[in-house]
Amino acid sequence: LRQMEARAGLAFIGSGACIACRRHRFPVLEDDASDDLNLVLKVVSNGGRALQVPNIGVYDYMDGDVNHQIQSRTRRVVRSLTTISRNAAIMNPLNHPDYAFCVISHKVLRWMSPLWLIGMLVASGALYSVPFYQGVFLAQVGFYSLAALGFVLRHVSISRWPLLAIPLGVVIANIAFLRGLISFVVGRRMQIHEPARLGEQ
């Protein structure tokens, strides 16, 4: 998705593990905003452009601990929403319909996915008497049951078992997204970012 946005001239987010900016373009960055997103949005708002270079040998990893994953993803959502709210000019669809569409569809709607999932579960449960929705409801219950089993067995290497690892990963991400949305709405901001190191796992 990022590559397609970049090819369209609409790259709007960098990768923290490897990002560069021309010195005269480098903006002032707030402590409680997402540098990956804030830097690019500010540069573009001030007339610059962002490029994405594929196949650079930089690597990142996701901490295997469930609590650390939730904390990390929650922090990302809060800091990114803070960033978006402060870059109103480029987020105005009247001024930049292209960037506004990309940021909202790529990021904001994805962070709202727990609301869609909860709504789908509740709606299909309310329509359980209809055979189609009965199947939809049971499929969701089965998916979340696999996630719960993956959580119970998380200290075993479930990464080799996609049937458990994928549902657990989806649920973890959406729990974090929901926490991040709530935290942002109630006014919580996150200024300190201390990423976990490989030796700390």
Side-chain angles (χ1 to χ4, degrees), residues 1-65 67-113 172-173 176-201:
L1 182 56
R2 287 192 186 189
Q3 289 178 1
M4 289 189 289
E5 289 166 346
R7 284 199 296 268
L10 296 171
F12 67 87
I13 187 169
S15 296
C18 185
I19 186 171
C21 179
R22 294 184 185 277
R23 183 176 298 178
H24 71 280
R25 289 283 186 189
F26 203 95
V28 175
L29 300 176
E30 299 87 354
D31 291 339
D32 58 353
S34 167
D35 292 345
D36 299 357
L37 184 60
N38 201 19
L39 173 60
V40 181
L41 289 181
K42 285 180 179 294
V43 167
V44 172
S45 293
N46 291 322
R49 65 184 181 126
L51 302 174
Q52 178 161 307
V53 181
N55 302 322
I56 293 180
V58 176
Y59 302 90
D60 199 358
Y61 75 99
M62 175 61 72
D63 193 321
D65 181 78
N67 290 330
H68 288 168
Q69 285 192 44
I70 291 176
Q71 290 172 7
S72 175
R73 291 177 184 273
T74 300
R75 173 187 55 77
R76 287 185 210 173
V77 172
V78 173
R79 290 171 65 90
S80 295
L81 286 172
T82 301
T83 298
I84 291 170
S85 68
R86 290 180 182 162
N87 285 274
I90 198 169
M91 290 304 301
N92 185 342
L94 298 179
N95 296 330
H96 296 279
D98 44 7
Y99 277 101
F101 173 79
C102 285
V103 175
I104 292 171
S105 62
H106 184 161
K107 290 293 184 182
V108 178
L109 290 181
R110 178 164 62 94
W111 295 327
M112 295 178 69
S113 60
I172 288 173
F177 292 165
L178 185 59
R179 285 185 62 194
L181 287 170
I182 294 172
S183 296
F184 175 76
V185 168
V186 301
R188 184 182 177 200
R189 300 296 179 262
M190 297 184 176
Q191 293 183 319
I192 299 176
H193 173 206
E194 296 181 358
R197 306 298 180 188
L198 281 172
E200 296 176 356
Q201 294 190 59

Heavy atoms from other residues, nucleotides or ligands near CZ of Arg110 exceed 12 (cutoff 6.0 Å): yes
Are [X] and [Y] close enough that some pair of their side-chain heavy atoms sits under 4.5 Å apart?
{"X": "Ile13", "Y": "Asp36", "answer": "yes"}
{"X": "Ile104", "Y": "Met91", "answer": "yes"}
{"X": "Ile172", "Y": "Ile70", "answer": "yes"}
{"X": "Leu81", "Y": "Val185", "answer": "no"}

Can a donor-acceptor pair be found, under 3.5 Å and without considering hydrogens, that links the side chain of [X] to the backbone of [Y]?
{"X": "Arg79", "Y": "Met190", "value": "yes"}
{"X": "Asp65", "Y": "His68", "value": "yes"}
{"X": "Ser34", "Y": "Thr83", "value": "no"}

Value rounded to 0.5 Å, distance of CG in Asn92 from CG in Asn87: 12.5 Å
Within residues 7-27 or reaching into it, pairs that qualify as side-chain hydrogen bond (donor to acceptor under 3.5 Å, both in side chains) - sequence neighbours excluded: Arg2-Ser15
Selection residues 98-107 - residue pairs positive for side-chain hydrogen bond (donor to acceptor under 3.5 Å, both in side chains), sequence neighbours left out: Glu5-His106
Salt bridge (Lys or Arg N to Asp or Glu O under 4.0 Å) partners for Asp32, two or more places apart: Arg86
